[in-house]
Amino acid sequence: MSHRKPYQLVSREWKKENTEFEVNGVIFGKDLVLIAGPCAIENREQIFTISEYLSKLNIRFIRGGAYKPRTSPYSFQGLKTEGLKLIREAADKYQLGVVSEVMSVDKIEELEEYVDILQVGTRNMQNYPLLKALGKSKKPVLLKRGMSSTIEEWLLAAEYIVSSGNERVILCERGIRTFENATRNTLDIAAIPLIKSLSHLPIILDPSQGTGIRDLVSPVSAAAIAAGADGLIIEVHNQPNEALSDGDQSLYLDQLKDLMPTLKQIAHIRNKHFDFENTLSFSPNLS
Ligand code: PEP
Ligand code: MN
């Protein structure tokens, strides 16, 4: 007897083949997708320097928070509209797609004007009015796993978006809270093949929030692709030590470049289309 899952539209039972959709020339669910950028948009020089570097690596998406969900109300909250304008301008100059977080229903319209993919953060995974409203959006949604959420709760959150009309949902594993405090979160690599068996939606991994530690980001990125992830969202900064948020987990730009050959090899093994070839011998000089 087969037990019906509580979620339907997002399940493999409902739809056998992978959901694939194109954004900025990249096919989610098929290509290996790389999204990189700072935790937060901070200033013009930062966002343009990073954008130029990403474009030279042939990375097609920049991330960057304009509205930041910070644990402390006294921490940097983001540049808001000014930040969105900056990241859009830089992305247009370097032909990048933009990924940025939407924290509330009343900001959806503004975010839609500037970004290509709307990110729902871990703290909002169960914000049901937000999920339903994003179901009405024409933009794809990157849905982070709630830090205390089960796989089933996560897929039900995706079901809210899909059942409200938007099938373009990208799941993002970013680690969960456990007793372990040596890493910022406990990254659930097993979630990747598990989600692949339970759902047709693309799944990517965030090794930055997932570990909180810069030197763990590259090995864990490799592991995610090996486990079958459709991509990665990685925090990178031109000056991590000066970053206004999450500097300790942000790669240096050169570390991102150095990760490429490894990802290429693993993508090949996993039969994922890797479109960053022309970058491998490139040594950026952005002095
Ligand atoms: C982020 O991507 O910077 C972020 C805040 O992510 P999360 O919601 O997973 O903590
Ligand atoms: Mn961050």
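Atoms within each ligand, like the ligands themselves, are counted from 1 in listed order.
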Near the Mn ion (ligand 2) (cut-off under 2.8 Å), count of protein N, O or S atoms: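 If we list every protein N, O or S atom nearer than 2.8 Å to the Mn ion (ligand 2), we get 3.
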
At what distance, to the nearest 0.5 angstrom, does [atom1] of [X] lie from [atom2] of [Y]?
X	Y	atom1	atom2	value
Met103	Tyr67	CE	OH	8.5 Å
Glu153	Ser148	CD	OG	9.0 Å
Arg12	Leu201	CZ	CG	9.0 Å

Hydrogens and angles aside, do [X] and [Y] bring a side-chain donor and acceptor to less than 3.5 Å of each other?
X	Y	value
Glu42	His237	yes
Tyr252	Asn241	yes
Glu110	Thr81	yes
Tyr114	Lys85	yes
Asp254	Tyr53	yes

Whether Tyr94 and Phe48 hold their rings parallel, tilted or perpendicular, with breakpoints at 30° and 60°: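 Answer is perpendicular, since the angle exceeds 60°.
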
Those atoms of ligand 1 less than 4.0 Å from some heavy atom in [X]:
X	value
Cys39	3 (O)
Gln119	1 (C), 2 (O)
Lys68	1 (C), 3 (O), 5 (C)
Arg123	10 (O)
Gly121	8 (O)
Glu235	1 (C), 3 (O)

N/O separation below 3.5 Å, Glu101 to ligand 1: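 No, Glu101 has no N/O under 3.5 Å of an N/O on ligand 1.
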
Test of proximity, Asp246 against ligand 1: N or O pairs below 3.5 Å: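 In this structure, Asp246 places no N or O atom under 3.5 Å from an N or O of ligand 1.
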
Any [X] heavy atom less than 4.0 Å to ligand 1:
X	value
Gly65	no
Arg145	no
Met147	no

Under-4.0 Å salt bridge between Asp206 and Arg145: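 Salt bridge between Asp206 and Arg145, a charged N being under 4.0 Å from a carboxylate O: no.
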
Nearest protein heavy atom with distance in Å, relative to [atom]:
atom	value
atom 10 (O) of ligand 1	Arg174 NH2, 2.9 Å
atom 6 (O) of ligand 1	Lys144 NZ, 2.8 Å
atom 2 (O) of ligand 1	Arg63 NH1, 2.8 Å
atom 8 (O) of ligand 1	Thr122 N, 2.8 Å

Derivation and outcome, side chain to side chain contact (heavy atoms under 4.5 Å, CB included), residues Ser208 and Asp246: CA-CA 9 Å; Ser208 310; Asp246 288 351; over 6 Å; no

Main-chain N/O of His273 paired with Asp31 side-chain donor or acceptor, under 3.5 Å: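 Pair absent, no side-chain N/O of Asp31 close to backbone of His273.
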
Met147-Leu194 co-clustered via ILVMFWY side chain contacts under 4.5 Å: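 No, it is not one cluster - the side chains of Met147 and Leu194 are not joined through contacts under 4.5 Å.
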
